[in-house]
Structures are given as C-alpha cells and as structure tokens.
Amino acid sequence: MKTLVVAQQKGGVGKTSSVVHLAFDFLERGLRVAVIDLDTQANASFTLAQYKIEARASGFFGPVPTDGWRAAAAADGDGARLALIEADPELANAVFLPLDKAKQNLKANLKALAGQGFDVCLIDTAPGLGVALVAALYAADCVLSPIELEAYSIQGIKMMLTTIMNVRKENTGLQFLGMVPSKVDARNPRHVRHQVELQAAYPKLMAPASIGLRSSIADALASGVPVWKIRKTAARKATHEVRALAAYVFEKMEIAQ
C-alpha cells in the first residue's frame, strides 16, 4: 500500500478537493482506496460519507486494535473499494501526544490497514504544522501540496517545504510530488504573476498540473460526487484539470494493483 499525504500550512487551498478527487479517480481505475480524514473540520468525511466504515481517524494515533482491523470488510475481495476513515472530535487530542508516540502508532496502524488489501491510502490533513500532520509525513511515501496563488498561501508553503525537508532526514523515502496551483483565476493578474514567480523560484518543485477556480468543483464536493458527475458545461474544464492531476499522481506513486 502506498500512502499519500496532502498537506499545506494554509487552509482553504484545495487539500480536501484534491484528496476526494484522487480517491474517486483511483476508485474508477479499479484500486482499493482508503481515505483517512485527519482534519477536525471533517470536510472530506462529509463528501465521502457514503463510503464510511466503522473506524475513526483518532484511532490511528492509539494502539492497533487487538481484535483485528475494523476496516477489513471494506477491503474484502479483489474488486475496487473506497473506504473512509472519518474525522472525529477526539482528533483534537492528537496535539497533546508526544511526536514519537504519534509517529509510532500511526505507522503501526497504517501497516495494519495495508494488511487488509488496500492499494493506496490518501490522508487529508488540517491546516498548520501540528503533531498529526508531521506524524503523517513521517509515515507517508509521498506528499502533495496544493497552493493558492495568494500571498498568505505562498508564505505558508515555504514553511511546509522546510518541514518536508526536515522529515526526509528520517523518512528518506518521502517523495515530494510538488506544489499544485489551486483555485487559479486566469483573469486575475495577481494570480498570473504569482504563478510565474513560483515557477521561476521552484522550477523542480511545481507539479505539471493546476486547478482553476471552478464553481463546479464546489458543487461536486457538496453533492458527494466527483466533478465529472456534475452536468454543467463548466464542469468539463474542471474535469480535465482534475483528471490530469490524478494521472500525474498515479504515475508518480507507482501504485501496484
């Protein structure tokens, strides 16, 4: 099982949208997909509610259940699966855990999850650089960082990149898949300028995909479906962008089926 963390210090930059659409795309590719919502805002849990199983995200920071992993039923058989491990209020207590303990428990629980036959695990994270996010980075194979083309988001990505570099001293296999410009308004000169500046400053750290500011994506998230299920002409462009991002991530993660 390959594990991808979607992370950015700044909120509202498209992390949950990226996780949800990667999950839907991977499901359609025939993969067995687990999504862990580590954000107490629980937006991914709302959109993917129909795929909820009897497991809570806070449990991933506790001991591995001795009675077997409760997600097992969701991964039975060889067919495609999507299983949501939903966010719960107890996630807020993760901030009080020693980082070493959080890392140890999360790794052990992800190993148990992998043992149930999942091909890929996608982890949505809260804004900021809390214990849960950092522990997830230590346990992950890959990390992706959506970024809004505004000053606060660009400022936040600098600290995010520093954190990733520090984590890679221990988790040497952690692969940074890049920054993904999100909610891009091509008619906004500021967005255009910031995208050019980011490309110049981080030419090797930019993913070859970007997501525009599309109301159809918000419609999809509210309806619990991928954007390609939204019957609006405007959804076609969003679908093309989201599918391009998913294809890039799928290729870079080298997910075995």
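None of these values were measured; they are calculated from a predicted model.
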Nearest 0.5 Å, please: how far is [atom2] in [Y] from [atom1] in [X]?
| X | Y | atom1 | atom2 | value |
| --- | --- | --- | --- | --- |
| Leu198 | Ser210 | CG | OG | 11.5 Å |
| Arg193 | Asn188 | CZ | CG | 8.5 Å |
| Leu4 | Leu144 | CG | CG | 6.0 Å |
| Ile230 | Ser223 | CD1 | OG | 4.5 Å |
| Asp141 | Met253 | CG | CE | 6.0 Å |
| Ser216 | Lys229 | OG | NZ | 15.0 Å |

Exercise. Taking it one step at a time, do Asp37 and Leu91 satisfy side chain to side chain contact (heavy atoms under 4.5 Å, CB included)?
Worked result: CA-CA 10 Å; Asp37 188 356; Leu91 267 176; 5.8 Å; no
Between the main-chain N or O of [Y] and the side-chain N or O of [X], is there a donor-acceptor pair closer than 3.5 Å?
| X | Y | result |
| --- | --- | --- |
| Asp88 | Arg56 | no |
| Arg168 | Leu174 | yes |
| Asn171 | Ala140 | yes |
| Ser145 | Gln8 | no |
| Lys103 | Ala135 | no |
| Thr125 | Val6 | yes |
| Glu241 | Gly212 | yes |
| Asn109 | Asn105 | yes |
| Lys2 | Glu254 | yes |
| Ser45 | Ala87 | yes |

Lys/Arg-Asp/Glu bridge criterion (N-O < 4.0 Å) met for [X], [Y]:
| X | Y | result |
| --- | --- | --- |
| Lys15 | Asp124 | no |
| Arg32 | Asp119 | yes |
| Arg243 | Glu28 | yes |

More than 12 heavy atoms of other residues, nucleotides or ligands under 6.0 Å from [atom1] of [X]: yes or no?
| X | atom1 | result |
| --- | --- | --- |
| Phe46 | CZ | no |
| Arg236 | CZ | no |
| Glu251 | CD | no |

When you compare the side chain of [Y] with that of [X], does any pair of heavy atoms fall below 4.5 Å?
| X | Y | value |
| --- | --- | --- |
| Glu170 | Leu137 | no |
| Cys121 | Ile85 | no |
| Val143 | Leu177 | no |
| Ile211 | Lys183 | no |
| Leu99 | Tyr138 | yes |
| Phe24 | Leu48 | yes |
| Leu221 | His21 | yes |
| Phe176 | Leu161 | yes |

Problem set entry | Stepwise side chain to side chain contact (heavy atoms under 4.5 Å, CB included) test for Met160 and Thr162 | CA-CA 5 Å; Met160 189 75 247; Thr162 300; over 6 Å; no
Could you tell me which non-hydrogen atom of [X] sits nearest to which non-hydrogen atom of [Y], and how far apart they are?
| X | Y | result |
| --- | --- | --- |
| Pro146 | Ser18 | CG-OG, 3.7 Å |
| Met1 | Ala114 | CB-CB, 3.6 Å |
| Val120 | Leu122 | CG2-CD2, 3.9 Å |
| Leu27 | Ala80 | O-CB, 3.6 Å |

Do [X] and [Y] belong together in a cluster built from hydrophobic side chains that touch within less than 4.5 Å?
| X | Y | answer |
| --- | --- | --- |
| Met179 | Met159 | yes |
| Val225 | Val19 | no |
| Val5 | Leu129 | yes |
| Leu213 | Leu245 | no |

Exercise. When Val249 is tested against each of Val180, Asp25, Leu22 for side-chain contact (heavy atoms from CB on, under 4.5 Å), which residue passes?
Worked result: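 In the set Val180, Asp25, Leu22, the residue that makes a side-chain contact (heavy atoms from CB on, under 4.5 Å) with Val249 is Leu22.
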For this session: Begin with the C-alpha distance, continue with both residues' side-chain angles, and end with the deciding distance and a verdict on side chain to side chain contact (heavy atoms under 4.5 Å, CB included) for Arg190 and His194.
Result: CA-CA 6 Å; Arg190 186 175 64 256; His194 283 166; 3.5 Å; yes
Problem set entry | Intermediate values then yes/no, side chain to side chain contact (heavy atoms under 4.5 Å, CB included), Leu113 and Phe60 | CA-CA 10 Å; Leu113 187 65; Phe60 275 68; 4.2 Å; yes
Exercise. So, is the end of the Arg81 side chain (NZ or CZ) under 6.0 Å from the ring centre of Phe118 and within 45° of the ring's axis?
Worked result: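 No cation-pi geometry.
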